[in-house]
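To start, the structure under review is shown below, and the notes come after it.
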Amino acid sequence: MKKKKRLFSLIAVLLLAMGITSEAGCVTVSAKTPYKTYTVDGYGRMEETQTAYLAKQTIIKFGEDFMNNPNDLYVAEDGTLYVADTGSARILIGNEAGDLIGTVGEGTLSTPMGVYVTEENKHIYVADRGTDKVEGAVYEFDEKGKVVNKYTKPDNPLYGEGLAFLPRKIVVNDAGIMFIVCESNTNGIVEISPSEGGTFLGYFGTNYASTSLQQIIYRAILTKEQRSKMVSNIPSTPDNLAIDQKGLIYTVTRGDEATSLKRLNIAGINMIKGNNTSGVYDEAPAAVAVGNHDNVYVASQMGYIYEYNDTGEPLYVFGGGDDGTQRIGLSNLITSIQVGSNDQIYVLDADKRQIQVYEPTEFTQKLHTALTLYSKGRYTESREPLTEVLQMNSMFDYANKAMGRAYQQEENYEQALRYSRLAKDKEGYSDSFWEMRNVWLKNHIVAAIALIVLLWIIYKVLQILDRKKGILAGPKRVVAKAEQNKLISNLMYAGYYMKHPIDGSYGIAREGRASWASSSILLLIFMIEYVINKYLCGFLQKTVREGRYDIFSDVGTIVIVIVALTACNYLVCTINEGEGTVKKIYTFFCYSLMPYILLTPVNFIMSHILTNNEQFIITLINFVMIAWVLVLGILGMKEVNNYTGKETFKVICLTIFTILIVALLIFIIYVLWAQVFEFIAAVFGEVVYRFGQ
């Protein structure tokens, strides 16, 4: 007896320590949240943020009725819970307190997999998959549980005679039209009208089969028999669906990567732009639900819950899989997610046979308020809750982005530009910058034109005065004298090489134009321009994180590449009877960088004055610049070594191969030395440990 008392006392202490209370079929826990909350920053990376939702309670039963293999859940506006209790072939109806209100479908249903309840007349629609002996059907019950309609396989050739009718999930719009996900039906969502006892309207929101380039090539070269043995490339069947107040359908599909979440309009067109960077969309979504603030929730099978706005931009990721500790808020196998009118999230875990309830924190409530105001066009009002969100977490990029868009709608483009940059929102930044640039041009265009005309007049006057009175004779003598300097002459020769690479290569090979000093100066200028353009270019062109500088790494990489090119090309050319020396090869490689040296400042300036719609100009200049550099390098290699075109191609391939071999050897040596140092450190540690004993 004493042992039992001690055991009960210990359990009581543990329960009190965890703050667990039990009421009816509910378990409420106030312990520390066992999961972290993440958001996606402007760089597309997952970053930890404040807790967005707290695990409030777990519902394990209604009255004395436990759930048996539950597969779907619906939460009505009044908080009533409807559970498709598949294992017991019924619909359980209860409330958040765990009280049993009633059951529906006992003796009628066989394998209920999905449930949906209309708010107007409280009719309960059940997607019953059926069994081997019982055909699948959709049942419509009234509020009292009486069968009103039964919809079986559509008697329509467009449905497909060989396709079984195996309903798994269902939603219904205001007109009573049913949208049904059927197992193994790859044609899309089955759309049935209630008229005439059930009229098949067709398939809705069909997924597309993805085809890779490899599959296209295989199918083009393989025989008919070989193609028949390949895995069929067919569209995926949606896993779950939801409907919002506007009648838009949301679907989730496993394995569809960036299009795993879709928001379909009445024409079945996806209104969400796919973007699967950094795990924005889960690879195995199981359920989807529409929130109350133009937001949408997706739950993965493994327990993670994602929240997005109506355009598919991620807000939060939280939750996770249960590691066996049975902590509240963690799940094993999610099959449904729903949102109550009070913004609480209800998650059905089929494996644990329970419903997890989450409630939003103050941080999330303020963000939701801002979302609602913004979606209704009340931009000025949305800034107040957004400001409070940013006071709690100034690095929450979505709030910065929304703030920037709100200022943009108010035509306060300066502030919009500031917040868009903080959020790394290039689209919003571009739109605001475009407006600011227009205002500047309107205010200064006349002065800019007058300045250009004035400069042109000054230039012409100086030309006339120089011809008549020679006022520029002194500067010209200084320039001519400077050109006689060998270093300056070789630097200027790089410009001639850029325009006339064949003649310029002859000068490098035969006329003593190869110069260590001038080549190194050009290489130094190249490195300076590369670093400045990489870290200080316009925001829309920047590809690195703000405040992150890897200048030594950048410079080291450039030096290593030039040294590797020069050394490996010299070795290959020596073996293949080339006439180039190390000095000459190094020189034409550095001289070949002239297009970059001259055009990069142009790109740098344009990156600060062009918007997204005009970025193609910079892209075009980059393409021309890179192509020009490659052409100069190839022609220089050919002419300096006195090769034919065929020999040049051979040397280029051998040079690339040599560089790869050298890189592999360096990597192997690095790994071996790392292991040696690790072994020495381990031996030293063991010796110290032994002496310490």
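It should be emphasised that the depicted structure is a prediction, and the values quoted were computed from it without experimental measurement.
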Quiz: residues 620-634 side-chain donor-acceptor pairs under 3.5 angstrom, not counting sequence neighbours:
unit_1	atom_1	unit_2	atom_2	d
Asn622	OD1	Asn603	ND2	2.7
Asn622	ND2	Ile618	O	3.3
Trp628	NE1	Met498	O	3.4

Check whether any side-chain N or O of [X] sits under 3.5 Å from a backbone N or O of [Y] as a donor-acceptor pair, and report yes or no.
X: Glu529; Y: Phe526; result: no
X: Ser394; Y: Leu390; result: no
X: Asn641; Y: Tyr643; result: no
X: Tyr429; Y: Leu540; result: no
X: Thr39; Y: Leu315; result: yes
X: Asn576; Y: Val572; result: yes
X: Lys426; Y: Lys542; result: yes
X: Asp550; Y: Ser553; result: no
X: Ser607; Y: Phe604; result: yes
X: Asn400; Y: Leu422; result: no

Could you tell me whether [X] and [Y] have their ring centroids closer than 6.0 angstrom?
X: Tyr38; Y: Tyr316; answer: no
X: Phe588; Y: Tyr591; answer: no
X: Tyr413; Y: Tyr407; answer: no
X: Tyr549; Y: Tyr535; answer: yes

| request: Go through Tyr419 and Leu386 one step at a time and tell me if the side-chain contact (heavy atoms from CB on, under 4.5 Å) criterion holds. | output: CA-CA 12 Å; Tyr419 280 101; Leu386 284 173; over 6 Å; no

| query | Between atom CZ of Phe589 and atom CG of Leu523, what is the distance when rounded to the nearest 0.5 Å? | reply |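 With rounding to 0.5 Å, CZ (Phe589) is 12.5 Å from CG (Leu523).
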
| request: Measure the spacing between CG of Asn309 and CD1 of Ile272 and express it to the nearest 0.5 Å. | output: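 That separation rounds to 8.5 Å.
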
| task | Output all residues satisfying side chain to side chain donor-acceptor pair (under 3.5 Å) with Glu511, sequence neighbours left out; order by chain, then residue number. | result |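 Checked Glu511 against side chain to side chain donor-acceptor pair (under 3.5 Å); zero matches.
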
| field | side chain to side chain donor-acceptor pair (under 3.5 Å) involving Lys638 - partner list, sequence neighbours excluded | value |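 Scan of Lys638 (side chain to side chain donor-acceptor pair (under 3.5 Å), adjacent residues dropped) gives none.
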
| said: Assess the residue pair Glu427 and Ser430 against the criterion (side chain to side chain donor-acceptor pair (under 3.5 Å)); give the C-alpha distance rounded to whole Å, side-chain angles, the decisive distance to 0.1 Å, and a yes or no. | reply: CA-CA 5 Å; Glu427 184 178 346; Ser430 176; over 6 Å; no

| query | Aromatic rings Phe396 and Tyr398: how do their planes relate, parallel, tilted or perpendicular, breaks at 30° and 60°? | reply |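 Phe396 vs Tyr398 ring planes: perpendicular.
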
| task | Just say parallel, tilted or perpendicular for the rings of Tyr496 and His500, cut-offs at 30° and 60°. | result |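 Tilted.
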
Would you call [X] and [Y] a salt bridge, taking side-chain N to carboxylate O under 4.0 Å as the test?
X: Asp431; Y: Arg405; result: no
X: Glu435; Y: Arg437; result: no
X: Asp41; Y: Lys424; result: no
X: Arg510; Y: Glu579; result: yes

| field | Which atom of Ser515 lies closest to which atom of Thr587, heavy atoms considered | value |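 In this case the closest contact between Ser515 and Thr587 is N-OG1, 3.3 Å.
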
| request: Locate the shortest heavy-atom distance separating Asp282 from Tyr306; write the atom from each residue and the value. | output: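 Heavy atoms only, the tightest pair is OD2-OH, 2.6 Å.
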
| request: Take Asp554 and Tyr530 through the test side chain to side chain donor-acceptor pair (under 3.5 Å) and record every step on the way to the result. | output: CA-CA 9 Å; Asp554 295 331; Tyr530 175 82; 4.7 Å; no

| field | Given Ile669, Val671, Leu665, the one that forms side-chain contact (heavy atoms from CB on, under 4.5 Å) with Phe667 | value |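 So, applying the side-chain contact (heavy atoms from CB on, under 4.5 Å) to Phe667 and each of Ile669, Val671, Leu665, only Val671 qualifies.
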
| task | Could you give me the CA-CA distance, side-chain angles and deciding distance for Asn533 and Thr600, then say whether side chain to side chain donor-acceptor pair (under 3.5 Å) is met? | result | CA-CA 7 Å; Asn533 189 59; Thr600 294; 5.6 Å; no

| said: Within a 6.0 Å radius of atom CD on Glu48, are there more than 12 heavy atoms belonging to other residues, nucleotides or ligands? | reply: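 Buried by this count: over 12 neighbours within 6.0 Å.
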
